[in-house]
Visitor: 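Can you keep this structure in mind? I'll have questions shortly.
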Protein chains: 2
Amino acid sequence: MTHPLGLRERKKQQTRETIVRCAMELFAERGFDATTIADIAEAADIAPRTFFAYFPSKEDVVFHDFDAIFADFDTRLRERAHGVTAFETMREWIVERITDHADPLNEQRHALIAATPSLDAHERANMGRFNEVLTSAVAVDLDVAPDALRARMVSAAAVAALESLREIKDDEAGPDHVIAVMDEVLVFLQGGLDALRTPSEAGAASD
Amino acid sequence: MTHPLGLRERKKQQTRETIVRCAMELFAERGFDATTIADIAEAADIAPRTFFAYFPSKEDVVFHDFDAIFADFDTRLRERAHGVTAFETMREWIVERITDHADPLNEQRHALIAATPSLDAHERANMGRFNEVLTSAVAVDLDVAPDALRARMVSAAAVAALESLREIKDDEAGPDHVIAVMDEVLVFLQGGLDALRTPSEAGAASD
DNA sequence: CAGAATATCACACTGACTGCAAAATTACCG
DNA sequence: CGGTAATTTTGCAGTCAGTGTGATATTCTG
């Protein structure tokens, strides 16, 4: 009655955050592989076994917010209005995320991921999930099969742009740079699709 | 003197092949995760500890030929003649591989990968390496920075095509289908790059 | 406050992977 | 051929991630 969430839920949330904070700190200090579950548990003042009540694996701590982000993107794609392109939806979503959720810890996180092969693989798998949902949405836009080559190419190029964005993120100019990048992507994709639409001149110049 | 390779080398090669064969058999039967190193060692008639003298991890058995394939692609890209596009090089390379190395076990392998998350992540990492070298080669072609967005997009789209090819592979028509796919990719990339080159009309139609 | 629900935890276990040093095998050279 | 050096195989002990189970503690509900 005093709180929107019961004591239990609040404590759980708090413990979860403590685990994430302590773990990321240790990862930054010693590296991911050199940090054990026991280390994290001690720092967060929980039993080692309890860690696994919060995260299925050590890696999942690093990507603790991915599920929420992905779900957000997915529903956004699914619930877009008729006539609104998947790419436009993605562009909007990215600009929002950049402006709203400017997380200064992201830079540190990505340094960690880049330095840890297993995390890098995990990150790629995450991007793969973005790619999947984007591909099927693009396929709907283009009115082709869900696994059509052109849908894959469009989605892959868009996700490549997404990846390039996360490398700059905070230090470079925020929304302006993002918009510039997305514009370049749009021109590229549009040009590519137009070329596929007109079966005229195929390949003449060098790429 | 009787052999190009000494007894030692020959036995090593043989043992390596035995491990791969036995392991893949077991993986196909029971699944990757349900197969232990001890199982593989017993089947290949070696000590469990010896397994790690041949492969750094269980996963690497599945991708035992990746290093060679990747090195082939990489040198091919590096040593291409002046004026020959990275994309053209890739196209040639793929057609050769499809025709020469038609491995009937590949289908089985990819089923295994698709069914095993950790292998899927590993496979993505492998594709990521293709993407990296292709990106820098494309950047040279386009005369832009190695991490330029357009180089990334081109490479990402090409790798997406590569991934789509590996899904069909044996059952569908071989070289013909491959060439058709690569042609479509070329038109798409060419169109996209042309659009970026002419700063005229940007976005009008829907993608 | 009692009892149901749930969270924390200790314990024991599997399985991947590593370091180390002994034992077996192969190569080399006089 | 014999013996020694180089290399490979192996056993053993150990670390660490992750899981199942059941006991204990905490919170919730009436």
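Chain A is the first sequence line, chain B the second, and so forth, proteins listed ahead of strands; every chain is numbered from 1.
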Visitor: Can we call the ring centroids of A:F55 and A:H64 under 6.0 Å apart?
Guide: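 No, ring centres 6.0 Å or more apart.
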Visitor: Check DNA chain D against residues 20-41 of chain B and give the residues with a non-hydrogen atom under 4.0 Å, in numerical order.
Guide: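 Residues of residues 20-41 of chain B that come under 4.0 Å of DNA chain D do not exist, since none gets that close.
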Visitor: Under 4.0 Å, heavy atom to any atom of DNA chain D: which of residues 58-67 of chain B qualify?
Guide: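 Those residues whose heavy atoms fall under 4.0 Å from DNA chain D, taken from residues 58-67 of chain B, amount to none.
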Visitor: Would B:E132 and B:R152 pass as an ion pair if we require N to O under 4.0 Å?
Guide: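 No, no charged N to carboxylate O under 4.0 Å.
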Visitor: Got a donor-acceptor pair under 3.5 Å from the side chain of B:R49 to the base of D:dA13?
Guide: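 Checked by distance alone, the answer is no.
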Visitor: Identify whether the distance between the nearest side-chain nitrogen and carboxylate oxygen of B:R80 and B:D141 falls below 4.0 Å.
Guide: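 Salt bridge between B:R80 and B:D141, a charged N being under 4.0 Å from a carboxylate O: yes.
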Visitor: Roughly, in whole Å, what's the span from CZ in B:F52 to C1' in C:dC20?
Guide: 16 Å
Visitor: Tell me what A:P48 touches on the nucleic acid: a base, only sugar-phosphate, or nothing, going by heavy atoms under 4.0 Å.
Guide: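 Nothing, no nucleic acid heavy atom in range.
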Visitor: Charged N to carboxylate O under 4.0 angstrom, B:R150 versus A:E184?
Guide: yes
Visitor: Charged N to carboxylate O below 4.0 Å: is that the case for B:E123 and B:R166?
Guide: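 Judged by the 4.0 Å cut-off on N to carboxylate O distance, B:E123 and B:R166 do form a salt bridge.
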Visitor: Quick check with a 6.0 Å cut-off and a 45 degree axis cone: is A:R129 positioned over the face of A:F70's six-membered ring?
Guide: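 Flagged: A:R129 positioned over aromatic ring of A:F70.
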Visitor: From CZ of A:F55 over to P of C:dT8, roughly how many Å is that when rounded to an integer?
Guide: 12 Å
